[in-house]
Amino acid sequence: MIISLSGAPGSGKSTIAQMLADKLNYPRYYIGGLRRDKAKERGMTLAEYNKLGENDIQTDQEVDLYQKELGEKEDNFVIEGRTSWYFIPHSFKIYLDVHEEEGAKRIFKSLQSKNDRNEDKGLDSWEKVLDSNRSRVLSDTTRYQKYYNIDIYQPENYDFYLDTTKLAPNEVFSAVWGAVQKELDNRKN
């Protein structure tokens, strides 16, 4: 089974994707990491790369075609990416949501402990992270609507939706794992 995770900035996608991959002994693919690497190769932050992508489909196509190919050639993996559900339609699609302020605070806390995300410039407060996240959501919405006619932030696109705002990572994992187990059982029958 392929499990795709999407969601709002700071919702816990990376944490849960890694926990699922570890639990299932599946490989994990991190599309956001690939996009960050592509941005670094051009001497850009992810925010700048996303802005460039609003008029250059190539910035999205590089990773979108990669994940589409993964879905056609491999099985039994976890993939984390905002368009993974769309490019791998037979995946079990999970969406993690979070109130935007809580998401910004989580990202800011993460940046304080290690800042290798290449997110944006000047993120020296959670409020600035919030502004950056809002710009990112707008850019994502613009690009994916323009190029693929999809809205990645609509819960009805997914098989399982969870608001993580008031949940600890272990509570999020427990809920997600329950949904995954149910889906695994359904696919066996």
Side-chain angles (χ1 to χ4, degrees), residues 4-18 21 27-72 77-89 91 93-98 100-154 157-158 164:
S4 60
L5 279 98
S6 185
S11 60
K13 296 176 302 297
S14 295
T15 300
I16 300 307
Q18 189 60 61
R28 172 186 171 233
Y29 297 99
Y30 177 38
I31 301 305
L34 293 176
R35 287 187 55 77
R36 284 176 172 83
D37 290 345
K38 296 286 186 187
K40 280 182 190 175
E41 288 172 13
R42 293 181 180 215
M44 305 172 97
T45 65
L46 181 62
E48 293 166 332
Y49 192 65
N50 286 344
K51 193 70 177 163
L52 173 66
E54 290 175 23
N55 294 304
D56 181 359
I57 192 171
Q58 182 66 28
T59 66
D60 284 296
Q61 278 186 333
E62 292 172 318
V63 295
D64 291 339
L65 294 175
Y66 169 75
Q67 60 187 331
K68 184 177 188 292
E69 187 174 296
L70 275 174
E72 292 168 351
F77 63 86
V78 175
I79 187 164
E80 173 193 349
R82 288 194 166 76
T83 58
S84 300
W85 64 273
Y86 178 75
F87 287 101
I88 309 175
S91 66
K93 303 166 205 64
I94 298 170
Y95 186 90
L96 300 181
D97 207 352
V98 67
E100 65 178 2
E101 288 184 6
E102 176 63 22
K105 289 175 183 177
R106 290 175 183 176
I107 291 171
F108 182 67
K109 183 178 179 183
S110 174
L111 292 172
Q112 298 307 293
S113 62
K114 61 176 178 137
N115 191 352
D116 62 350
R117 291 173 58 109
N118 192 34
E119 201 77 21
D120 201 351
K121 294 177 181 167
L123 300 180
D124 55 7
S125 71
W126 74 264
E127 292 90 350
K128 288 185 180 174
V129 172
L130 177 61
D131 289 341
S132 177
N133 285 351
R134 286 175 174 161
S135 294
R136 182 176 181 181
V137 167
L138 180 60
S139 181
D140 288 346
T141 302
T142 299
R143 292 187 340 269
Y144 301 133
Q145 184 66 44
K146 179 178 181 178
Y147 300 136
Y148 306 123
N149 197 32
I150 60 172
D151 184 347
I152 59 171
Y153 294 104
Q154 290 301 310
N157 293 324
Y158 302 89
T164 70

Legend entry - Ser11 (side chain) donor-acceptor with Asp97 (main chain) under 3.5 angstrom: no

Inset, instruction - Answer yes if the side chains of Arg36 and Tyr30 hold a donor-acceptor pair under 3.5 Å, and no otherwise. - result: yes

Inset, instruction - Could you pull out all residues at least two apart from Ser91 that satisfy side chain to side chain contact (heavy atoms under 4.5 Å, CB included)? - result: Ile2, Ser4, Ile88, Lys93

Inset, instruction - Over 60° means perpendicular and under 30° means parallel, so classify the ring planes of Tyr148 and Tyr86, tilted if in between. - result: tilted

Inset, instruction - Would you please name every residue forming a side chain to side chain contact (heavy atoms under 4.5 Å, CB included) with Glu41, sequence neighbours left out? - result: Lys38

Legend entry - Donor-acceptor contact present, side-chain Asn157 to main-chain Asp151, <3.5 Å: yes

Legend entry - Heavy-atom pair with the smallest gap, counting every atom of Arg42 and Leu52: NH1-CD2, 3.0 Å

Inset, instruction - Please round to the nearest 0.5 Å and tell me the distance separating atom CD1 of Ile150 and atom CZ of Phe87. - result: 6.0 Å

Legend entry - Glu101: partners by salt bridge (Lys or Arg N to Asp or Glu O under 4.0 Å), with sequence neighbours left out: none

Inset, instruction - Go through the structure and list residues passing ring pair (Phe, Tyr, Trp, His ring centres under 6.0 Å) with Tyr49, not counting sequence neighbours. - result: none

Inset, instruction - Quick one: do Ile31 and Glu80 satisfy side chain to side chain contact (heavy atoms under 4.5 Å, CB included)? Show the steps, please. - result: CA-CA 6 Å; Ile31 301 305; Glu80 173 193 349; over 6 Å; no

Legend entry - Interatomic spacing from CG in Asn50 to OG in Ser135 - rounded to 0.5 Å: 10.0 Å

Inset, instruction - Check salt bridge (Lys or Arg N to Asp or Glu O under 4.0 Å) between Arg134 and all other residues, then give those that pass, not counting sequence neighbours. - result: Glu100

Inset, instruction - Indicate yes or no for a side-chain donor-acceptor contact from Tyr147 to the backbone of Gly53 under 3.5 Å, with no hydrogens or angles considered. - result: yes

Inset, instruction - Quick one: pull up CD in Gln58 and CG in Asn55 and give me the separation to the nearest 0.5 Å. - result: 14.0 Å

Legend entry - Partners passing side-chain hydrogen bond (donor to acceptor under 3.5 Å, both in side chains) against Gln18 (at least two apart in sequence or in another chain): Asp22, Arg28

Legend entry - Any side-chain heavy-atom pair of Phe77 and Leu70 under 4.5 Å: yes

Inset, instruction - Please list, chain by chain and in numerical order, all residues satisfying side chain to side chain contact (heavy atoms under 4.5 Å, CB included) with Glu54, sequence neighbours excluded. - result: Lys51, Ser139, Thr142, Arg143

Legend entry - Partner set under ring pair (Phe, Tyr, Trp, His ring centres under 6.0 Å) for Trp85, not counting sequence neighbours: Tyr158

Legend entry - Chi angles and distances behind the side chain to side chain contact (heavy atoms under 4.5 Å, CB included) call for Tyr95, Lys13: CA-CA 8 Å; Tyr95 186 90; Lys13 296 176 302 297; over 6 Å; no

Inset, instruction - Taking the side chain as every heavy atom from C-beta outward, state whether Val78 and Pro27 have any pair of such atoms under 4.5 Å apart. - result: no

Legend entry - Whether Arg82 side chain and Ser6 backbone form a donor-acceptor pair below 3.5 Å: no

Legend entry - Thr83: partners by side-chain hydrogen bond (donor to acceptor under 3.5 Å, both in side chains), with sequence neighbours left out: Asp64, Gln67

Legend entry - Those residues that, when tested against Pro89, pass side chain to side chain contact (heavy atoms under 4.5 Å, CB included) (two or more places apart): none

Legend entry - Stepwise side chain to side chain contact (heavy atoms under 4.5 Å, CB included) check, Leu96 with Ile94: CA-CA 7 Å; Leu96 300 181; Ile94 298 170; 4.0 Å; yes

Legend entry - Phe108: ring pair (Phe, Tyr, Trp, His ring centres under 6.0 Å) partners, not counting sequence neighbours: none

Inset, instruction - Give a yes or no on whether the backbone of Thr45 and the side-chain of Glu48 come within a donor-acceptor separation of less than 3.5 Å. - result: yes

Inset, instruction - Hey, could you give me the CG/CZ distance between Asp140 and Arg136, rounded to the nearest 0.5 Å? - result: 6.0 Å

Inset, instruction - Indicate yes or no: at least one non-hydrogen side-chain atom of Thr141 is less than 4.5 angstrom from one of Ile152. - result: no

Legend entry - ring pair (Phe, Tyr, Trp, His ring centres under 6.0 Å) partners for Tyr144, two or more places apart: none

Inset, instruction - Given side chain to side chain contact (heavy atoms under 4.5 Å, CB included), test Leu65 with Glu69 step by step and report yes or no. - result: CA-CA 6 Å; Leu65 294 175; Glu69 187 174 296; over 6 Å; no

